[in-house]
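Note that these values count all heavy atoms, side chains included, but never hydrogens, waters or copies made by symmetry.
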Amino acid sequence: MNADATVIRHCRGLEELRACVALQKDVWNFTDAELVPLRMFVVAEKVGGQVMGAFNGAAMVGFALSVPGTRSGHIYLHSHMLAVRKEYRNSGLGRRLKLLQREDALARGIELIEWTFDPLEIKNAYLNIEKLGAVVRRYNINQYGITSSPLQGGLPSDRLIAEWWLKSRHVVSVLEAGKTPPFQQHSAIEVPAQIYEWKAAPETRSRAQQVQERNREQFLRAFGRGFTVLGYDRDSTGNGKFLLGKWDEKWSYASEE
């Protein structure tokens with residue numbers, strides 16, 4: 001595996017879109033009923049969304065799918081899926097796909113890309129917040145219901161909403177410096193490294209649910225008081241920690257529900 005030799009570009013033609021569907025099933029192991037179908041990838045490409053692939057030779061090893069949305073008269077992109085084949089993870093490939101999404105959006109005059117992510121997924125949170133500069137100030141409870149993916153561990157599909165304000169000082173600083181700019185921290189919300197083991201085993205799943213419920217309450221309380229996730233920390237043993245403070249920028253579209 002050579003991640004440096006991987007080419008990132010827009011997908012071309014039905015066969016590459018079919019490869020996205022196949023990789024989606026490989027990564028999430030959804031039942032067929034829960035898979036995003038080929039037709040949705042085709043539609044996204046036709047109506048102003050993004051279907052971008054990562055290719056090692058002719059083989060697809062990652063993809064990103066987004067669809068356009070509007071809020072209060074503003075056009076933005078909702079990045080619905082980002083998938084990387086197992087052997088290519090932790091190589092920076094996910095970040096490269098997101099950066100191509102940003103480049104394409106800015107070229108079209110789009111200033112915001114949003115996506116949802118599981119608050120219990122430590123690596124994903126670190127990428128979104130520390131490596132891309134997304135901020136978080138909204139929480140959806142059980143957004144997709146109980147899904148068939150083993151990654152969810154049978155828990156409610158709670159999701160944080162990442163807001164990637166592409167021209168913000170915060171994002172530009174993160175992308176240029178490789179870390180979040182300093183801010184006054186108000187509080188932290190912790191995720192133990194053992195969360196993956198707890199979700200995977202029926203006998204410990206209740207412990208994972210306890211973490212989810214505790215953190216859900218903390219997020220909702222903090223967001224209700226106007227705090228924003230501005231940073232993320234991982235310690236040497238793999239524990240994660242969301243860092244919250246007051247964001248000094250005013251990027252917002254009204255009616256953010």
Side-chain angles (χ1 to χ4, degrees), residues 1 11-47 49-56 58-69 77-90 93-94 97-98 101 113-125 127-128 138-162 191 194-213 215-216:
M1 185 273 288
C11 289
R12 305 168 187 150
L14 284 174
E15 288 309 309
E16 291 187 353
L17 299 183
R18 285 193 181 97
C20 292
V21 177
L23 182 54
Q24 170 197 185
K25 188 165 187 176
D26 182 60
V27 168
W28 282 283
N29 198 24
F30 285 134
T31 63
D32 288 347
E34 289 188 309
L35 284 175
V36 174
L38 173 64
R39 285 173 180 259
M40 192 64 232
F41 285 87
V42 173
V43 168
E45 189 180 47
K46 300 294 186 186
V47 301
Q50 299 168 322
V51 187
M52 296 166 172
F55 298 87
N56 195 322
M60 175 176 285
V61 297
F63 76 85
L65 166 69
S66 71
V67 294
L77 289 166
H78 176 80
S79 185
H80 182 54
M81 280 187 160
L82 174 69
V84 175
R85 197 172 295 282
K86 186 175 182 179
E87 57 269 30
Y88 285 82
R89 292 172 196 164
N90 303 313
L93 199 54
L97 281 163
K98 299 302 291 186
Q101 285 186 310
I113 300 178
E114 289 186 353
W115 61 92
T116 64
F117 67 100
D118 187 340
L120 301 180
E121 288 290 328
I122 295 170
K123 289 182 180 180
N124 198 8
L127 167 66
N128 295 337
R138 285 177 286 157
Y139 191 106
N140 289 344
I141 299 172
N142 199 23
Q143 176 160 314
Y144 302 109
I146 305 298
T147 76
S148 60
S149 173
L151 297 178
Q152 196 66 43
L155 298 182
S157 55
D158 286 17
R159 293 293 184 266
L160 290 168
I161 296 90
V191 183
Q194 300 95 325
I195 196 71
Y196 300 104
E197 300 169 21
W198 294 347
K199 283 200 297 182
E203 59 270 19
T204 56
R205 197 159 291 151
S206 62
R207 299 182 70 178
Q209 187 158 7
Q210 288 170 8
V211 174
Q212 183 186 62
E213 291 172 353
N215 288 5
R216 176 195 295 162

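A salt bridge links E15 with R18: the distance from a Lys NZ or Arg NE/NH1/NH2 to an Asp or Glu carboxylate oxygen falls below 4.0 Å. Salt bridge present: K199 and E121 bring a charged side-chain N and a carboxylate O closer than 4.0 Å.
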- request: Kindly determine whether Y144 and E34 satisfy side chain to side chain contact (heavy atoms under 4.5 Å, CB included), including the steps that lead there.
  value: CA-CA 10 Å; Y144 302 109; E34 289 188 309; over 6 Å; no
field: Candidate pair D118 and N124, rule side chain to side chain contact (heavy atoms under 4.5 Å, CB included), full reasoning
entry: CA-CA 8 Å; D118 187 340; N124 198 8; over 6 Å; no
field: Working for side chain to side chain contact (heavy atoms under 4.5 Å, CB included), residues V67 and M40
entry: CA-CA 9 Å; V67 294; M40 192 64 232; 4.0 Å; yes
query: Would D158 and N140 satisfy side chain to side chain contact (heavy atoms under 4.5 Å, CB included), going step by step from the backbone distance to the final call?
result: CA-CA 6 Å; D158 286 17; N140 289 344; over 6 Å; no
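At distances below 3.5 Å, not a single donor-acceptor pair connects side-chain atoms of Q143 with backbone N or O atoms of R159. Between the side chain of Q212 and the main chain of L155, no donor-acceptor pair closer than 3.5 Å is present.
Within the 4.5 Å cutoff, no side-chain heavy atoms of W115 are placed close to those of L82. For the pair P68/V47, a side-chain contact is recorded, criterion being any heavy-atom separation below 4.5 Å from C-beta on. Residues L77 and Q101 fail the side-chain proximity criterion, which asks for heavy atoms closer than 4.5 Å. Using a 4.5 Å heavy-atom cutoff, the side chains of L93 and R85 are not in contact. In this structure, the side chains of C20 and M81 stay at 4.5 Å or more apart for every pair of heavy atoms. Residues E16 and F63 form no side-chain contact, since every pair of their non-hydrogen atoms from C-beta on lies 4.5 Å or further apart. In this structure, the side chains of S66 and M52 stay at 4.5 Å or more apart for every pair of heavy atoms. Using a 4.5 Å heavy-atom threshold, the side chains of F41 and V36 count as touching.
Atom CG of N128 is separated from atom CD1 of I161 by 12.0 Å, given to the nearest 0.5 angstrom. In this structure, Q194 CD and T204 OG1 are separated by 10.5 Å, a value rounded to the nearest 0.5 Å. The CG atom of L160 sits 11.5 Å away from the CZ atom of R216 when rounded to the nearest 0.5 Å. Rounded to the nearest 0.5 Å, atoms CG (L35) and CG (N29) are 9.5 Å apart. Put simply, CG on L23 and CH2 on W28 are 7.5 Å apart, with the number rounded to the nearest 0.5 Å.
The minimum heavy-atom distance between L38 and L17, with the atom names listed, is CD1-CB, 3.6 Å. What you find for K123 and Y196 is that their closest heavy atoms are N-OH, 3.6 Å. Residue S79 comes nearest to K98 through the heavy atom pair OG-NZ, 3.0 Å, listed as atom of the first residue, atom of the second, then distance. What you find for V211 and W198 is that their closest heavy atoms are CG2-CZ3, 3.9 Å. Summarising the geometry of S157 relative to G145, their closest heavy-atom pair is OG-O, 2.7 Å, with the distance given to 0.1 Å. A83 approaches V27 most closely through the heavy-atom pair CB-CG2, 4.0 Å.
Using cut-offs of 30° and 60° for the angle between ring planes, the H78 and H80 rings count as tilted.
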